[in-house]
Amino acid sequence: MIPARLLVGAPLALAFLAMSGCSSTWGCSDTTAKRGKAAVRVQVEDIYGQHLGASAEIVDWRLEPHPQLPNGGDQVHYRYRFYDADEFNGPALDVCAVDKKRVALLCETVHSAEAFGPNGDHTGDSWLAVEHPAQVAGVLLIPNDQHYQTRTCAQDGKDGGGPHPPEPAAVGDQL
């Protein structure tokens, strides 16, 4: 027979263990943020969809040969700018070259820490080597901050889990 005191205290002890991180993966859950609307200018969003106070924009883009591969054909050369971003732990956003239907042709992630331009204006530039440059109709930013990456339950059943940014944008994604 189990003493009544033990039965009363067992749920409390289990709750304490779960809150202290001493639970197994059955108590771990992952959630993924919804991807924000891609645009030329975006307000940076955290994993809860809240604006972080920073913004970013694609300043311009053009098709041209990369200076290090002049015989490689045209690539997408774009310039971007971050506003009000922390230059050390600032946001990281996905950038995609898209066709006229806003289907991603190629994407990459840009970090505000890499945007240090002249006079501290937080500008940067990069290149996207899309397979069919003539299909490019624009370059868009996705507002979800990719900088904050935590471990998933599958990676760490004890300390992982919780909210995560959406999966990085990929070729073929409808933006």
Side-chain angles (χ1 to χ4, degrees), residues 28-66 73-156 159-175:
C28 186
S29 65
D30 290 307
T31 58
T32 303
K34 181 181 175 193
R35 181 180 288 165
K37 183 171 175 54
V40 172
R41 184 176 175 105
V42 297
Q43 297 290 321
V44 179
E45 298 176 3
D46 66 11
I47 52 181
Y48 302 104
Q50 301 296 314
H51 295 288
L52 294 175
S55 62
E57 73 174 323
I58 299 298
V59 177
D60 64 16
W61 69 274
R62 60 190 167 279
L63 295 174
E64 63 186 3
H66 192 288
D74 283 343
Q75 294 184 18
V76 179
H77 182 204
Y78 67 93
R79 288 188 324 115
Y80 58 95
R81 175 176 285 144
F82 282 91
Y83 299 93
D84 300 318
D86 180 339
E87 59 189 270
F88 300 108
N89 289 320
L93 300 178
D94 288 339
V95 176
C96 298
V98 297
D99 67 11
K100 63 184 175 188
K101 294 182 181 178
R102 295 174 57 103
V103 173
L105 301 172
L106 191 62
C107 301
E108 68 179 0
T109 303
V110 295
H111 299 259
S112 63
E114 297 168 353
F116 43 81
N119 304 318
D121 63 1
H122 298 287
T123 60
D125 74 311
S126 192
W127 297 80
L128 291 168
V130 298
E131 189 172 345
H132 302 287
Q135 292 179 350
V136 177
V139 178
L140 302 176
L141 289 157
I142 298 172
N144 305 91
D145 185 3
Q146 295 290 339
H147 180 260
Y148 183 72
Q149 296 284 345
T150 58
R151 298 176 65 79
T152 64
C153 292
Q155 294 168 325
D156 185 346
D159 296 322
H164 304 281
E167 288 295 317
V171 173
D173 285 359
Q174 177 71 50
L175 303 179

- Beyond-backbone contact of D74 with P65, side-chain heavy atoms, under 4.5 angstrom: yes
- Check side chain to side chain donor-acceptor pair (under 3.5 Å) between D173 and all other residues, then give those that pass, not counting sequence neighbours. R35
- Going from CD on Q43 to CG on D84, what distance comes out if it is rounded to the nearest 0.5 angstrom? 9.0 Å
- Query: Could you give the distance from CD (E57) to OG1 (T123), rounded to the nearest 0.5 Å?
  - Reply: 10.5 Å
- Item | Closest heavy-atom pair and its distance - V139, I58 | O-CG1, 3.6 Å
- Task: Please test Q135 against V130 for side chain to side chain contact (heavy atoms under 4.5 Å, CB included), starting from the C-alpha separation and ending with a verdict.
- Result: CA-CA 9 Å; Q135 292 179 350; V130 298; over 6 Å; no
- I would like to know whether Q146 and D94 meet side chain to side chain contact (heavy atoms under 4.5 Å, CB included); could you show each step before the answer? CA-CA 7 Å; Q146 295 290 339; D94 288 339; 3.7 Å; yes
- Take atom CD in Q155; do more than 12 heavy atoms of anything else shown fall under 6.0 Å from it? yes
- Query: Would a 4.5 Å heavy-atom cut-off, applied to side chains only, mark V40 and L140 as touching?
  - Reply: yes
- Shortest non-hydrogen pair, S112 vs A85, comes out as CB-CB, 3.9 Å
- Using modelled atom types only, decide if a donor and an acceptor are shared between the side chain of R102 and the backbone of A38 within a distance under 3.5 Å. yes
- Given the rule in the side chain to side chain contact (heavy atoms under 4.5 Å, CB included) test, do V76 and L63 qualify, once you have shown the distances and angles that lead to the verdict? CA-CA 5 Å; V76 179; L63 295 174; 3.7 Å; yes
- For the side chain of N144 and the backbone of K34, is there at least one donor-acceptor N/O pair under 3.5 Å apart? yes
- Item | Nearest-0.5 Å distance, CZ of residue R62 to NE2 of residue H77 | 5.5 Å
- Query: Are a donor atom and an acceptor atom from the side chains of H66 and Q75 found within less than 3.5 Å of each other?
  - Reply: no
- Message: Are the side chains of I142 and L93 in contact, using a 4.5 Å heavy-atom criterion?
- Response: no
- Is it the case that more than 12 heavy atoms not belonging to Q174 sit under 6.0 Å from its CD atom? yes
- Message: Tell me every residue that passes ring-ring contact (aromatic ring centres under 6.0 Å, His included) with H111, counting only those two or more places apart in sequence or in another chain.
- Response: none
- Note on the structure: In this structure, CG of L105 is separated from CG of L128 (nearest 0.5 Å) by 9.5 Å
- Task: Would you check if the side chain of D145 reaches a backbone N or O of A92 as a donor-acceptor pair within less than 3.5 Å?
- Result: yes
- Query: Using the ring of each side chain (for Trp, its six-membered ring), is Y80 parallel, tilted or perpendicular to Y78, with breaks at 30° and 60°?
  - Reply: tilted
- E45 side chain reached by Q50 side chain, heavy atoms, under 4.5 Å: no
- Message: Ignoring hydrogens, what is the shortest heavy-atom contact between A33 and P166? Give both atom names and the distance.
- Response: O-CB, 3.4 Å
- Message: Please evaluate residues V136 and W61 with respect to the criterion side chain to side chain contact (heavy atoms under 4.5 Å, CB included), reporting the C-alpha separation (whole Å), side-chain torsions for both, the decisive distance (0.1 Å), and the verdict.
- Response: CA-CA 10 Å; V136 177; W61 69 274; 3.6 Å; yes
- Message: Within this structure, what is the CD-CH2 distance for the pair E108 and W127, rounded to the nearest 0.5 Å?
- Response: 12.0 Å
